[in-house]
Number of protein chains: 2
Amino acid sequence: MKRNSRLSAILHVILHMAERGKAMTSEELALCMQTNAVVVRRTMAGLREAGFVTSQKGHGGGWVIARDLRDITLRDMYDAVGAPEMFALGNRTETPQCLVEQAVNQALDGAFAEAEALIIERLGSVSLADLAADFHRRFAAHAQHGNSHHAT
Amino acid sequence: MKRNSRLSAILHVILHMAERGKAMTSEELALCMQTNAVVVRRTMAGLREAGFVTSQKGHGGGWVIARDLRDITLRDMYDAVGAPEMFALGNRTETPQCLVEQAVNQALDGAFAEAEALIIERLGSVSLADLAADFHRRFAAHAQHGNSHHAT
DNA sequence: TTTCATGTAACAACGTATGATACATGAAAC
DNA sequence: GTTTCATGTATCATACGTTGTTACATGAAA
């Protein structure tokens, strides 16, 4: 099944923006992500509406982070990209007449709901600042081994 | 995203088979599931290979459950349908060069892996007999309210 | 007024799940 | 033995969501 990678993509993008520290254009971000500028704008739209980033048209324009990274959690990002359906597995029929299927759905829904709550909770407990710190650790370790590129 | 409903479907089917108590043809099962007999055979193939059901060609043939329902868990069924990918969310790149993306992937993978383990554990703790019992409770409650059909 | 950048609609490409058709194989009934 | 019923399986059709691309409008700075 084709998996939705917007959350992954947007986290990647916003951390790059944080490293850069000044406005970045959709074109630049698209280059980071090996994708298209329009795709970047489309995905970033949610973050802009939620107030996590701002965008500016014209010369010197582009995208800027509007909040402290410590105040943005992965859950915020998940919500900002539209809180897409988390599971690839689903019920055959959502509101079945069949009592057999009702029993099946309840059993599966229970398991999935619990797991979703767990994920949401975990995403809520990690801030972008935490992720950035993790990256800096990796970068330091990487540099020690003689390799210094961290682009894309 | 289009969700994979094979686990849901196969549970529905096998509980109907348990209720019936004798061989059921793919055609009959397809009717229960409002789908096609070929789809039923395709999905049941995994269960047959795993030894949970047997199939017989010719007159009086069809599908029969080969084990005690108490000895089959929902996890067995999940594995038997090929243990399909559970999550609709995924990483943009699975083994990225970019250190930023490595940090992102690890954060997301951790959350998802934990949730997947939780689901697997829950599926393993529920047997088909449990599901059947749940259905019987529903059926009894339903019958009390004057409605007696439970088909499909 | 030109250039740069976002905003957005519309369409194409691709992958996966599911449905449908066709035909081969095997087992029971007659 | 031939007919009928049923599975086994390959192949194609359909539907749908994600992602990529093109085109054009809008707004801001040079």
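Quick note on labels: first sequence line is chain A, next is B, and so on, each numbered from 1.
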Pick out the pairs of N or O atoms, protein on one side and nucleotides 28-30 of chain D on the other, that lie under 3.5 Å.
residue: D/dA29; atom: N3; partner: A/His59; partner atom: ND1; Å: 3.4

- Query: When you measure from every atom of DNA chain D, which of residues 74-83 of chain A have a heavy atom less than 4.0 Å away?
  - Reply: none
- Message: I need the full list of ring-ring contact (aromatic ring centres under 6.0 Å, His included) pairs touching residues 36-58 of chain A, with sequence neighbours left out, sorted by first then second residue.
- Response: none
- Among residues two or more places apart or on two chains, list those pairs meeting salt bridge (charged side-chain N to carboxylate O under 4.0 Å, His left out) that have a residue in residues 52-71 of chain B. B/Asp68-B/Arg70
- Message: I need the NZ-P distance between A/Lys22 and C/dA5, as an integer number of Å.
- Response: 12 Å
- Message: Treating A/Arg92 as the side-chain partner and B/Ser8 as the backbone partner, does any N or O pair qualify as donor plus acceptor under 3.5 Å?
- Response: no
- Message: Counting only side-chain nitrogens and oxygens, does A/Ser55 get under 4.0 Å of the OP1 or OP2 atom of C/dT6?
- Response: no
Counting only pairs under 3.5 Å, give me each side-chain donor-acceptor contact of residues 39-50 of chain B, with atom names and distances, residues two or more places apart or in other chains.
residue: B/Arg41; atom: NE; partner: B/Ser26; partner atom: OG; Å: 3.3
residue: B/Thr43; atom: OG1; partner: B/Val39; partner atom: O; Å: 2.7

- Task: Quickly work out the A/Leu29 CG to C/dG7 C1' distance and round it to whole Å.
- Result: 16 Å
- Round to a whole Å and report the spacing from CH2 of A/Trp63 to P of C/dT6. 7 Å
- Item | Summary of salt bridge (charged side-chain N to carboxylate O under 4.0 Å, His left out) pairs that have at least one residue in residues 112-125 of chain A, sequence neighbours excluded | A/Glu114-B/Arg122, A/Arg122-B/Glu114
- Message: Is the phosphate of D/dA6 approached by B/Thr25 (side-chain N or O, under 4.0 Å from OP1 or OP2)?
- Response: no
- Message: Between P on C/dA17 and CG on A/Asn4, what's the gap in Å once rounded to a whole number?
- Response: 16 Å
- Side-chain H-bond candidate by donor/acceptor type, B/Gln102 with A/His142, under 3.5 Å: no
- Estimated bend of the helix from C/dT1-D/dA30 to C/dC30-D/dG1 (axis per five terminal pairs, rounded to 10 degrees): 10°
- Using 30° and 60° as the class limits, which term best fits the ring planes of B/Phe135 and B/Phe139: parallel, tilted or perpendicular? parallel
- Message: Contact list please: residues 40-49 of chain B against DNA chain C, heavy atoms, distance less than 4.0 Å, in numerical order.
- Response: B/Arg42
- Can you tell me how far P of D/dT18 sits from CD of A/Glu85, to the nearest Å? 10 Å
- Under 3.5 Å, is there a donor-acceptor pair linking the side chains of A/His16 and B/Glu101? no
- salt bridge (Lys or Arg N to Asp or Glu O under 4.0 Å) with B/Arg137: which residues, sequence neighbours excluded? B/Asp134
- Using the test salt bridge (Lys or Arg N to Asp or Glu O under 4.0 Å), find all partners of A/Asp130 that sit at least two apart in sequence or belong to another chain. none
- Query: Got A/Leu128 and A/Ile14 here, is their nearest side-chain heavy-atom distance under 4.5 Å?
  - Reply: yes
- Message: Given D/dT19, D/dT9, C/dA17, identify the nucleotide with an atom nearest to the side chain of B/Val38.
- Response: D/dT9
- Task: Please list, chain by chain and in numerical order, all residues satisfying side chain to side chain contact (heavy atoms under 4.5 Å, CB included) with A/Thr54, sequence neighbours excluded.
- Result: A/Val64, A/Ala66
- Message: Distance check needed: D/dT19 P versus A/Met33 CE, whole Å only.
- Response: 10 Å
- Item | Side chain of B/Ser5 (C-beta onward), nearest among C/dT18, D/dT22, D/dT19 | C/dT18
- N/O (side chain, B/Thr35) to phosphate O (OP1/OP2, C/dG19) under 4.0 Å: yes
- Please confirm whether the backbone N or O of B/Thr95 pairs with a side-chain atom of B/Thr93, one donor and one acceptor, at under 3.5 Å? no
- With sequence neighbours excluded, tell me which residues meet salt bridge (Lys or Arg N to Asp or Glu O under 4.0 Å) with B/Arg6. none
- Given D/dT19, D/dT22, D/dA10, which nucleotide is nearest the side-chain atoms of A/Asn36? D/dT22
- Rounded to the nearest Å, what distance is computed from the CE atom of residue B/Met24 to the C1' atom of nucleotide D/dT7? 15 Å
- Query: What integer distance in Å separates B/Gln34:CD from C/dA17:P?
  - Reply: 21 Å
